[in-house]
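Below is one structure, written out as structure tokens, with a few remarks after it.
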Amino acid sequence: MTARQVEPHLFVIFGATGDLTRRKLLPALFRLTHGDDPPPLDRYAILGVGRKDVDDRAFRDWVGDGMEESGLSRNEIDAWCAGHVHYHQAGGQETEDFETLKERIEALESELKLTGNRVFYLALPPPVFPTAISSLGGSGLNRGPGWTRLVIEKPFGDSLESAKRLNELLHTHFDESQVYRIDHYLGKETVQNLLVFRFANSIFESLWNRDRVECVQITVAESLGVEMRAGYYDGAGALRDMMQNHVTQLVSLIGMEVPAAFSADAVRYEKIKLLRGISPIKAEDVAFGQYTRGVVDEEEVKGYSEEPGVANNSRTETFAAMRLQLDTWRWQGVPFYIRTGKRLPRRVTQIAIVFRREPVSLFAAAGARDTNPNVLLLTLQPDEGFNLCFDVKVPGEPFQLRTLPLHFLYKEAFAPSADAYQTLLLDVLTGDQTLFVHADETEASWALYTPLLEQKLPVHHYAAGSWGPTEADLLLERHGHAWMEPLETGRYHGATHTDLP
Ligand code: BG6
């Protein structure tokens with residue numbers, strides 16, 4: 001396959017003096033042009049826009065310090081920054097500031113002989129999105145001499161109402177085809193591989209339905225706590241920070257129907273359809289939690305309410321689990337259990353497809369204990385790969401069964417994959433919206449979760465280092481299920497044996 005063509009362009013980053021710029025965006029843009037197989041890209045420039053009063057040189061130094069931490073060579077970074085990175089100081093996000101910005105953009109484009117293609121990346125705090133969007137429109141920067149694309153970081157709204165308002169504002173100034181809403185989970189290779197796994201391997205597709213599947217479980221666990229982000233996180237919580245976006249993206253990719261084509265329109269259409277098919281979530285199908293002191297990775301850690309910047313009576317949930325019912329022909333009656341949380345025992349994102357048991361337990365009839373159901377475990381991070389667990393006979397006597405995995409590990413087959421931002425920024429530059437969230441998708445997702453936020457559900461405590469509050473276990477137990485403890489790819493720790501007495 002040939003590398004995709006990237007046309008000459010100017011990449012403008014608003015909020016350029018924030019950490020995202022030097023930790024993620026610029027390293028990703030640098031790697032795009034320094035990889036083994038870089039896309040042909042000769043004329044481009046990056047313009048950081050921020051409030052700080054610094055010149056190009058000071059900005060490049062600051063950027064260079066941060067980029068070096070991503071393991072890149074300082075000499076190469078400095079040479080690259082000197083050739084491509086510029087800075088523009090703007091007082092705020094008001095239209096007058098955008099008039100001078102427009103002049104700077106046009107001057108750079110004519111000096112560097114760029115053709116007027118522009119990306120505007122809003123790496124800004126969400127409360128200033130609306131002013132920045134209106135000012136881009138007001139100054140005419142929403143339509144340029146070439147293509148103009150707008151990238152928006154998460155969170156996209158904090159409720160159905162606010163997401164709708166933001167979409168309306170965007171659509172006043174931009175066409176949906178110009179808008180790239182980022183969910184960095186979609187840029188992870190293994191998340192994209194879910195589509196390939198399902199739609200390039202027909203054996204799974206015939207099993208992927210209510211006839212064969214008992215339940216689906218999705219765990220997105222982090223061992224880290226809130227760190228220094230209380231200012232944002234305490235007002236957001238796990239539902240807004242992780243569930244509404246990242247976890248819900250995984251639900252759509254696992255649950256969606258086969259798209260008509262591998263194109264942005266077709267894939268996003270199916271995801272939206274799936275989200276709209278999820279029944280309203282009942283309060284009894286939800287468990288919220290907040291971590292208290294505990295031990296993670298053998299270290300004692302503080303409780304959430306003791307973290308810097310968190311009020312000691314905070315009711316913010318750092319854990320959320322729920323049972324979703326998909327009202328679709330394919331999934332009727334198959335619960336999707338989803339959970340995410342901070343300060344859980346380890347960082348792991350895993351999807352378990354638990355298949356139905358055999359209708360008659362042949363070996364139990366001979367006096368053996370139960371077999372285990374077949375489970376397909378898709379691990380998205382770390383140890384990316386999958387386990388397909390099934391029972392085998394242990395050789396010899398007595399008659400015993402053991403559950404073992406067939407496994408595939410990405411790192412055994414491939415070199416480490418690109419960072420999610422690198423994948424997503426290349427997509428923006430080549431105009432591919434498949435891995436970006438459509439306006440209707442944001443609204444369908446908020447429509448599901450906003451009623452829960454309005455109900456002020458109880459928040460239960462769980463010790464840091466545990467898998468969440470017991471209420472999260474009860475969610476499943478009531479329906480005869482239990483959470484699968486996330487496993488390492490290639491292992492099956494929970495093997496129970498079926499022994500003949
Ligand atoms: C971000 C959340 O979107 O995703 C963070 O705001 C979270 O709270 C992070 O830690 C997790 O991303 P990853 O790629 O480390 O799984």
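Counting convention: from 1, in listed order, for ligands and their atoms alike. Remember, predicted model here, so these are calculated numbers, not experimental data. Throughout, numbering of the chain's residues begins at 1 and tracks the sequence.
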Worksheet item: In the protein, which heavy atom is nearest to atom 14 (O) of ligand 1, and how far is it?
Response: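 Here the closest protein heavy atom is Lys188 NZ, 2.6 Å.
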Nearest non-hydrogen protein atom to atom 8 (O) of ligand 1, with distance, is Asp241 OD2, 2.6 Å
Ring centre gap for [X] and [Y] strictly below 6.0 Å:
X: Phe120; Y: Tyr180; value: no
X: Phe197; Y: Phe204; value: yes
X: Tyr462; Y: Phe319; value: yes
X: Tyr337; Y: His481; value: yes
X: Trp331; Y: Phe336; value: yes

Which is closest to atom 15 (O) of ligand 1 in terms of heavy atoms, Glu222, Arg347, Arg229, His184?
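Of the listed residues, Arg347 has the closest heavy atom.
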Which ligand 1 atoms, with their elements, are less than 4.0 angstrom from a heavy-atom of Lys342?
->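 Once the distances to Lys342 are compared, the set is 5 (C), 7 (C), 8 (O), 10 (O).
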_Which of the numbered atoms in ligand 1 are under 4.0 angstrom from any heavy atom belonging to His246?_
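Close to His246: 1 (C), 3 (O), 4 (O).
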Applying salt bridge (charged side-chain N to carboxylate O under 4.0 Å, His left out), can you list everything that pairs with Asp158, at least two apart in sequence or on another chain?
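Partners of Asp158 under the salt bridge (charged side-chain N to carboxylate O under 4.0 Å, His left out) test: none.
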Taking distance alone, with no angle check, do Tyr233 and ligand 1 share an N/O pair under 3.5 Å?
no
What about Lys154: any of its N or O atoms under 3.5 Å from an N or O on ligand 1?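 Yes, there is a polar N/O contact under 3.5 Å.
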